[in-house]
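These notes are about the structure you will find just below.
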Amino acid sequence: MTAHSAAPHAHARNLTRTGGPKGDSSWLEHVLGWTLVVVVAMFVTQLGLI
């Protein structure tokens, strides 16, 4: 199979992915994500933007 003939198949496989998070994320990733949310919220409230 050449690269040219493989390209449509690879493209068709990529159309099924939405780009969202994968289901295999670790608990550390969740903790760091929520920590970032809290830090940004604290920063925004300290600046008086809310």
Side-chain angles (χ1 to χ4, degrees):
M1 181 178 281
T2 64
H4 181 69
S5 65
H9 299 292
H11 182 66
R13 259 195 325 263
N14 289 338
L15 290 177
T16 59
R17 293 288 305 160
T18 60
K22 296 177 179 62
D24 59 352
S25 59
S26 66
W27 63 272
L28 180 63
E29 193 172 352
H30 288 286
V31 170
L32 291 176
W34 279 109
T35 303
L36 179 64
V37 168
V38 170
V39 168
V40 169
M42 290 170 49
F43 183 68
V44 168
T45 55
Q46 287 294 320
L47 288 177
L49 298 176
I50 292 183

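Worth knowing before you read on, the calculation uses all heavy atoms, side chains too, and leaves out hydrogens, waters and symmetry mates.
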(message) Under 4.5 Å between side-chain heavy atoms, counting indirect links through other Ile/Leu/Val/Met/Phe/Trp/Tyr residues: same cluster for Val37 and Phe43 or not?
(response) no
(request) Consider only side-chain heavy atoms of I, L, V, M, F, W and Y, link residues closer than 4.5 Å, and tell whether Leu47 and Val38 are in one cluster. (result) no
(message) With clusters defined by side-chain heavy atoms of hydrophobic residues (ILVMFWY) lying less than 4.5 Å apart, directly or transitively, does Leu49 cluster with Val40?
(response) yes
